[in-house]
Amino acid sequence: GDNLHMPLNQLPYNQVGTRVDTSTGTSITVGIYDVDQLYQPFFDRIQARVDAALAAGVTPIITMFSGGHLIYGLPPTWNAGFSNPFYSGNNVNAVSCDTNANEACEESHALDNVSITAAQQAYVCKLVQTIGDRPAVLEISNEDQADTTLWQNAMMERVRACETTHGTVAHVIFQSGFNYGGLANSDHLFANTRNDAVAPLCTSDGTNWDTNPPANDGTKLIFYDSDHTGYNDVCGTWTGIEPWKLFTRAIYPIYLSQRESAGVQTATKAAMAQTKAYGAKINLATAYPETGTSVFSTGYGLFTGTNSTTPNCSEYVMLMTADGSSTINLSACSGGTTFDVETLNLTSGVIASAGTTTGGAVRSFNPAGTDPMVIYLKSTGAAADTTAPILSAGFPSGVLVAGTTETPMRVLSDEVCEARYDDTAGVAHASKATAFTTTDVLNHEGTVGSLTDGTSHIKYVTCEDPSNNVSAEMTCGKWYYI
């Protein structure tokens, strides 16, 4: 049927026997365990599966505890605790997780029973030691139905303590949503400094991870788990474009392919494959999501940059969820920067070249058709600068007052460049004798001394820009003293 069946020896504790349970109205063989003794083959199997995942290029997520299955029972009695190793009769340690006699073991995700907590902490430490320096993600618990904050905090702290004890790397600690329906928002996840990754819920504060997922601010990894965010249909209706919305908001999807129609499931899987391909195409290590509409008019996009507000003018990805014209603000890029434009039709999957565009302004895009589209821009580099600087407004000129022994000298340029001068005409820029005191700007200033009355002084000035273009030689003078 739909029920989960687990071999009795696939738990982390040493099995010492079995018993037959009849509390559900059916005779079921369950294990008896020594919860003070860990079962080495369990950890060997974990290590082998982690290694197999990593060899396949997959970073595994290990769910350390299952909170939901503490209360998910079997009909007709819905007894959820009968097979739990901490359930009375299922261990030789006189431990009982069902102190409220509701035939469930939600009490084991609290800190009230020191024996249970000690067994859990021993398991956590052995798991950390087993994984070692492997880059696995550790999910603390899945689908806890109650507020298990204190217990989860203790387990996260235990992970960090055991990493120190065994000298391993600090693993990514993943805390998924819990206490379904009992919280108005997911602040308890985002504000918890013990975790590195979170999977929030759709909550009554209006946060909708389907229709309009909030952009990741980079503080934590964010996983969108459609099994949890879609719990009781709190979120919007899943249509298939959601992986792209999540991708352009820097959120990782975990998709439960079960609730939607076959067509939506197919579209969702296609979108996930597309985002995976574009994730490999662009430089995700330097990519930032749009947090408003300052870069992408649609509000959905990634740009590569030096920080979350400064694009480096290398790559842009914009999601267009609806037909019509949308814009990408390329004002931060020079007008000489050229971008190849690529479009992806999310319905047909067709990728096409759409020519080029340039930086220096807000650029509009309106691909043909009415299907949702993705616009991808990749810089081909700045166009070669072959334009020499132009000098003007040379000072001084004409006749100076008798007795003048020195004078300021200045020229203006129409672009940033380095200005130099010499007493001889035609000397190459780099060989000119003197650089202006203030240079590499548009206003170049210096001081000329050792002037004598009745003598003409002519200075020959050139300016070189960063692309090694040199201006025409300009004459400052003739200066004549009487």
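Quick caveat: nothing in here was measured; it's all calculated off a predicted structure.
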Going from [atom1] on [X] to [atom2] on [Y], what distance comes out if it is rounded to the nearest 0.5 angstrom?
X: L256; Y: T268; atom1: CG; atom2: OG1; answer: 11.0 Å
X: L330; Y: T337; atom1: CG; atom2: OG1; answer: 9.0 Å
X: Q274; Y: L344; atom1: CD; atom2: CG; answer: 4.5 Å
X: T117; Y: R158; atom1: OG1; atom2: CZ; answer: 11.0 Å
X: L138; Y: F174; atom1: CG; atom2: CZ; answer: 11.0 Å
X: C463; Y: M474; atom1: SG; atom2: CE; answer: 11.0 Å

Looking at side-chain heavy atoms only, is the closest gap between [X] and [Y] below 4.5 Å?
X: E139; Y: Q175; result: no
X: D227; Y: I254; result: no
X: D147; Y: H188; result: no
X: T437; Y: E445; result: no
X: Y252; Y: N216; result: no
X: S353; Y: D340; result: no
X: M320; Y: P367; result: yes
X: N469; Y: E415; result: no

Review point. Which residues satisfy the side-chain hydrogen bond (donor to acceptor under 3.5 Å, both in side chains) test with T304, sequence neighbours excluded?
Key: N312
Keeping [X] on the side-chain end and [Y] on the backbone end, is there a donor-acceptor pair under 3.5 Å?
X: T356; Y: T338; answer: no
X: D371; Y: N345; answer: no
X: R194; Y: M156; answer: no
X: D422; Y: Y460; answer: no
X: S186; Y: L201; answer: yes
X: E260; Y: Q265; answer: no
X: Y288; Y: G218; answer: no

Which atom pair, heavy atoms only, marks the closest approach of [X] to [Y]?
X: T211; Y: Y300; value: O-OH, 3.2 Å
X: H109; Y: D144; value: ND1-OD1, 2.8 Å
X: L391; Y: S413; value: CD2-CB, 3.8 Å
X: I222; Y: P200; value: CG2-CD, 3.9 Å
X: P253; Y: M272; value: CG-CE, 4.0 Å
X: K220; Y: N195; value: NZ-OD1, 2.7 Å

**Study point:** Check against side chain to side chain contact (heavy atoms under 4.5 Å, CB included), S325 and S364
**Key:** CA-CA 6 Å; S325 179; S364 297; 3.7 Å; yes
Check your understanding: Going through the checks in order, is the side chain to side chain contact (heavy atoms under 4.5 Å, CB included) test met by N185 and F190?
Key -> CA-CA 10 Å; N185 54 53; F190 288 99; over 6 Å; no
Donor-acceptor list for residues 43-52 side chains, cut-off 3.5 Å, not counting sequence neighbours:
from	atom 1	to	atom 2	distance (Å)
D44	OD1	Q40	NE2	2.8
Q47	NE2	T130	O	3.2
D51	OD1	R134	NE	2.6

Point to revise | Audit row: L221, D196, side chain to side chain contact (heavy atoms under 4.5 Å, CB included) steps and yes/no | key: CA-CA 6 Å; L221 293 173; D196 309 293; 5.8 Å; no
Practice item. Under the side chain to side chain donor-acceptor pair (under 3.5 Å) rule, what do H429 and E418 come out as? Steps first, then yes or no, please. Key: CA-CA 9 Å; H429 176 80; E418 179 210 31; 3.2 Å; yes
Review point. Can you list the steps and then say if T293 with E290 is a side chain to side chain donor-acceptor pair (under 3.5 Å)?
Key: CA-CA 7 Å; T293 56; E290 171 69 276; over 6 Å; no
**Study point:** I241, T321, D323 screened by side chain to side chain contact (heavy atoms under 4.5 Å, CB included) with P372, the one that passes
**Key:** I241
Point to revise | R363 and its side chain to side chain contact (heavy atoms under 4.5 Å, CB included) partner, picked from T357, L377, I328 | key: T357
Check your understanding: How would you list, by chain and number, every residue that makes a side chain to side chain contact (heavy atoms under 4.5 Å, CB included) with S66, sequence neighbours excluded?
Key -> H69
Point to revise | Which residues share a side chain to side chain contact (heavy atoms under 4.5 Å, CB included) with T291, sequence neighbours left out | key: A215
Exercise for review: Could you tell me whether the side chains of Q152 and S141 share a donor-acceptor contact shorter than 3.5 Å?
Suggested key: no
Point to revise | Verdict with supporting geometry, Y421 and V411, side chain to side chain contact (heavy atoms under 4.5 Å, CB included) | key: CA-CA 11 Å; Y421 63 91; V411 296; over 6 Å; no
Below 4.0 angstrom, N of the basic side chain to O of the carboxylate: do [X] and [Y] qualify?
X: K459; Y: D423; value: yes
X: K281; Y: E342; value: yes
X: R160; Y: E163; value: yes

Revision key, fill the gap. Residues at least two apart in sequence or cross-chain that pass ring pair (Phe, Tyr, Trp, His ring centres under 6.0 Å) with Y278, listed by chain then number, are W244, Y376
**Study point:** Under the ring pair (Phe, Tyr, Trp, His ring centres under 6.0 Å) test, residues paired with F365 that sit two or more places apart
**Key:** none
Practice item. Could you check whether the rings of Y316 and F296 sit parallel, tilted or perpendicular, using 30° and 60° as the cut-offs? Key: perpendicular
Point to revise | Residue pair K432, E464: steps toward the salt bridge (Lys or Arg N to Asp or Glu O under 4.0 Å) verdict | key: CA-CA 12 Å; K432 279 183 165 52; E464 185 178 38; over 6 Å; no
Practice item. Run the numbers on W151 and F178 for ring pair (Phe, Tyr, Trp, His ring centres under 6.0 Å), then give the verdict. Key: CA-CA 12 Å; W151 175 83; F178 57 92; 9.6 Å; no
